[in-house]
Amino acid sequence: MLQNKKILLGVTGGIAVYKACDLASKLTQQGAEVRVMMTPGATKFVSPLTFQALTRNPVYTDTFDEKDPNKIAHIDIADWADIAIIAPATANIISKIAFGIADDMLTTTLLATRADIYIAPAMNVHMYEHPAVIENMKKLVEWGYHFIEPGAGYLACGYVGKGRLEEPETIIKTICTHRQHANLLEGKKVLISAGPTREVIDPVRYFSNRSSGKMGFALAEAAAKFGAEVTLVAGPVELKTVHQSIKRIDVVTAEDMYQAMWEYFNEADIVIKAAAVADYRPKVVYNEKMKKQPGDLVIEMERTKDILQSLGENKSNQFIVGFAAETNTPLEYGKEKLRKKHLDAIVINNVVEEGAGFAVDTNIVTYFNKSEDEVAIPLATKDEIAEKILHFVDRDMKEGWK
Ligand code: PMT
């Protein structure tokens with residue numbers, strides 16, 4: 001996968017620089033063209049000559065050491081690179097990138113490049129857990145940088161904990177897996193709904209359900225990570241989107257969700273309805289707070305529109321995935337929903353099962369498509385389940401589901 005790839009390897013000052021030598025060597029052996037850039041700190045641990053010999057390319061250490069008058073070296077390398085890997089990445093370089101600081105060859109080049117950037121941190125465990133480092137890493141993830149988490153174990157500083165540069169083989173494997181996934185849904189428009197709806201009774205009360213939006217948001221993040229153009233129609237939830245490219249439409253009621261889904265439906269390639277839409281709403285909505293009365297209260301309810309049903313009945317080329325939240329004989333009811341709502345696939349969860357359904361970070365689901373292929377996905381995080389669902393959708397679309 002890395003054959004003929006142009007890789008910029010940024011090496012910063014930490015004892016783990018010795019592992020970067022191995023990484024440079026392994027990348028070169030895999031057929032990648034590797035150019036190494038070292039910070040002044042890194043050169044205190046290992047000589048640039050070591051990397052030059054391993055990669056058979058010049059090593060860059062100084063922004064002002066312009067060897068070719070026809071080129072500006074840091075811009076030239078920034079444009080040249082397909083991938084940039086920073087290993088080891090110190091707390092210092094992470095913070096500098098997060099603040100747009102460009103005060104040496106490496107930081108200047110990283111600011112100028114459009115390449116995918118992978119950061120493999122290595123530092124003392126307390127530095128890795130410092131709120132400043134955590135905030136800076138979070139910011140970089142939001143900007144689309146990829147992190148290869150450090151391993152836990154004995155650290156050169158004498159501590160035992162998280163902060164050890166991941167092994168070169170694992171760094172390469174993680175990057176290859178990521179790149180395999182990265183383009184899975186490139187060019188596809190994915191429309192996802194998440195969270196509950198709220199059906200208003202009066203200015204202070206509403207009917208709703210326990211959906212937190214976690215499943216739908218995990219799907220939106222995974223689809224964006226796989227290169228799709230994502231529109232997320234979200235009911236009232238506390239969650240934030242991480243991937244900056246996600247277009248988020250906030251709605252409140254089932255009717256709002258119906259309107260928003262229809263607005264984006266025609267241009268969508270894939271539609272996934274993970275939202276828990278209210279089936280009923282109060283027939284009368286009061287403009288003022290209802291006063292307490294003696295005795296019982298009866299609120300007359302009317303059906304909301306079935307959004308998924310209407311999309312399924314009117315679809316052209318969209319691949320439509322519904323969710324089924326069931327509490328007894330889930331597979332039977334779920335499969336019935338697939339047929340009734342004209343879906344291409346349905347994700348069935350038994351919401352009373354431990355670790356599945358509403359509000360938790362995990363789920364247990366069965367993916368069932370209209371060709372009647374059935375795959376059980378056992379307990380896993382909603383992020384992992386989202387990725388698996390999207391892989392099955394991609395598989396089914398490639399197999400010409402129409
Ligand atoms: O949000 P979380 O806390 O992470 O919880 C996740 C979840 C349990 C909400 C999710 O995994 C899930 O199961 N979502 C579907 C919930 C649901 O409403 O299921 P249902 O069986 O009632 O509806 C079947 C399908 O029809 C769903 O895709 C639903 O979005 C859709 N529907 C239902 C009613 C309606 N009026 N319009 C709809 O589009």
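Residues: numbered from 1 along the sequence shown. Order of listing sets the numbers, starting from 1, for every ligand and every atom in it.
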Engineer: For G161 and L155, work out which heavy atoms get closest and say how close.
Structural biologist: O-CD2, 3.8 Å
Engineer: Any nitrogen or oxygen of I307, side chain or backbone, less than 3.5 Å from one on ligand 1?
Structural biologist: yes
Engineer: Under a plain distance cut-off of 3.5 Å, with no hydrogens placed, do Q52 and T50 share a side-chain donor-acceptor pair?
Structural biologist: no
Engineer: Measuring from non-hydrogen atoms of V347 to any atom of ligand 1, is the shortest distance under 4.0 Å?
Structural biologist: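 For ligand 1, residue contact (heavy atoms, under 4.0 Å) with V347 is absent.
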Engineer: What closest approach, in Å, do T362 and G355 show between heavy atoms, and which atom pair accounts for it?
Structural biologist: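 Closest heavy-atom pair between T362 and G355: OG1-O, 2.6 Å.
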Engineer: Verify the distance criterion only: is there a donor paired with an acceptor across the side chains of E255 and Q259 at less than 3.5 Å?
Structural biologist: yes
Engineer: Of all heavy-atom pairs between L331 and I348, which one has the smallest distance, and what is that distance?
Structural biologist: CD2-CD1, 3.9 Å
Engineer: Specify side chain, backbone, both or neither for V365, according to which of its non-hydrogen atoms lie closer than 4.0 Å to ligand 1.
Structural biologist: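 For V365, there is no contact with ligand 1 at all, from either part.
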Engineer: Assess whether a salt bridge exists between D103 and K96, defined as any Lys/Arg side-chain N lying under 4.0 Å from an Asp/Glu carboxylate O.
Structural biologist: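 Yes, this pair counts.
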Engineer: Would you mind listing which atoms of ligand 1 come within a distance below 4.0 Å of any non-hydrogen atom of T304?
Structural biologist: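 It comes down to these atoms of ligand 1: 36 (N).
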Engineer: For ligand 1, is there an N or O atom under 3.5 Å from any N or O atom of V360?
Structural biologist: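 Min N/O separation from ligand 1 is not below 3.5 Å for V360.
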Engineer: Are V277 and I307 side-chain neighbours, meaning at least one heavy-atom pair lies under 4.5 Å?
Structural biologist: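 Counting from C-beta outward, V277 and I307 do come under 4.5 Å.
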Engineer: Answer yes or no: does an N/O atom from L308 fall short of 3.5 Å to an N/O atom of ligand 1?
Structural biologist: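 Between L308 and ligand 1, an N or O pair is found under 3.5 Å apart.
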Engineer: Out of all atoms in ligand 1, which are within 4.0 Å of some heavy atom of M215? Include the element for each.
Structural biologist: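 What qualifies from ligand 1 is 4 (O), 6 (C), 11 (O).
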Engineer: Under 4.0 Å from a heavy atom of A274: give me the atoms of ligand 1 that qualify, with their elements.
Structural biologist: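 What qualifies from ligand 1 is 9 (C), 10 (C), 12 (C), 14 (N), 15 (C).
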Engineer: Out of K305, E255, K337, indicate the one that has the non-hydrogen atom closest to atom 21 (O) of ligand 1.
Structural biologist: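 The option holding the nearest heavy atom is K337.
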Engineer: Under 4.0 Å, heavy atoms only, figure out whether ligand 1 is touched by the backbone of D306, its side chain, both or neither.
Structural biologist: both
Engineer: Step by step, would you call H74 with Y60 a ring-ring contact (aromatic ring centres under 6.0 Å, His included)?
Structural biologist: CA-CA 9 Å; H74 65 276; Y60 303 84; over 10 Å; no
Engineer: What are the atoms of ligand 1, with element, lying closer than 4.0 Å to any heavy atom of A324?
Structural biologist: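 What qualifies from ligand 1 is 21 (O).
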Engineer: May I ask you to decide if the ring planes of H146 and H178 are parallel, tilted or perpendicular, using 30° and 60° as cut-offs?
Structural biologist: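 Rings of H146 and H178: tilted, as their planes differ by 30° to 60°.
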Engineer: Under a 4.0 Å threshold between the charged nitrogen and the carboxylate oxygen, would E374 count as salt-bridged to K335?
Structural biologist: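 Counted as a salt bridge, because a side-chain N and a carboxylate O are separated by less than 4.0 Å.
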Engineer: Quick check: closest heavy atoms across P121 and I94, and the distance to 0.1 Å?
Structural biologist: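 Heavy atoms only, the tightest pair is CB-CD1, 4.0 Å.
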Engineer: Classify the contact between D279 and ligand 1 as side chain, backbone, both or neither, using a heavy-atom distance cut-off of under 4.0 Å.
Structural biologist: side chain
Engineer: Nearest heavy atom to atom 26 (O) of ligand 1: which of K382, E326, K341, K273 does it belong to?
Structural biologist: K341
Engineer: Any idea which part of A325 is under 4.0 Å from ligand 1, heavy-atom wise: side chain, backbone, both or neither?
Structural biologist: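 The answer is both.
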Engineer: Can an N or O of S193 be found at a distance shorter than 3.5 Å from an N or O of ligand 1?
Structural biologist: no
Engineer: Judged by non-hydrogen atoms, does G195 sit under 4.0 Å from ligand 1?
Structural biologist: no
Engineer: So, is V351 polar-close to ligand 1, with some N/O to N/O distance under 3.5 Å?
Structural biologist: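 Min N/O separation from ligand 1 is not below 3.5 Å for V351.
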Engineer: Relative to the heavy atoms of A278, which atoms of ligand 1 are at a distance of less than 4.0 Å?
Structural biologist: 36 (N)
Engineer: Give the numbers and elements of all ligand 1 atoms closer than 4.0 Å to a heavy atom of A275.
Structural biologist: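 Result: 14 (N), 15 (C), 16 (C), 17 (C), 18 (O), 29 (C), 30 (O).
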Engineer: Under 4.0 Å from any heavy atom of A359, which atoms of ligand 1 are there?
Structural biologist: 2 (P), 3 (O)
Engineer: Is it true that the side chains of T177 and Q180 contain a donor and an acceptor less than 3.5 Å apart?
Structural biologist: no
Engineer: Quick one: which of F358, Y280, F323 has a heavy atom closest to atom 12 (C) of ligand 1?
Structural biologist: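 Ranked by closest heavy atom to atom 12 (C) of ligand 1, first place is F323.
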Engineer: Counting heavy atoms only, which part of A254 comes closer than 4.0 Å to ligand 1: side chain, backbone, both or neither?
Structural biologist: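 For A254, no heavy atom sits under 4.0 Å from ligand 1.
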Engineer: Kindly give the heavy-atom pair with the smallest separation between D104 and P40, and that separation in Å.
Structural biologist: OD2-CD, 4.2 Å
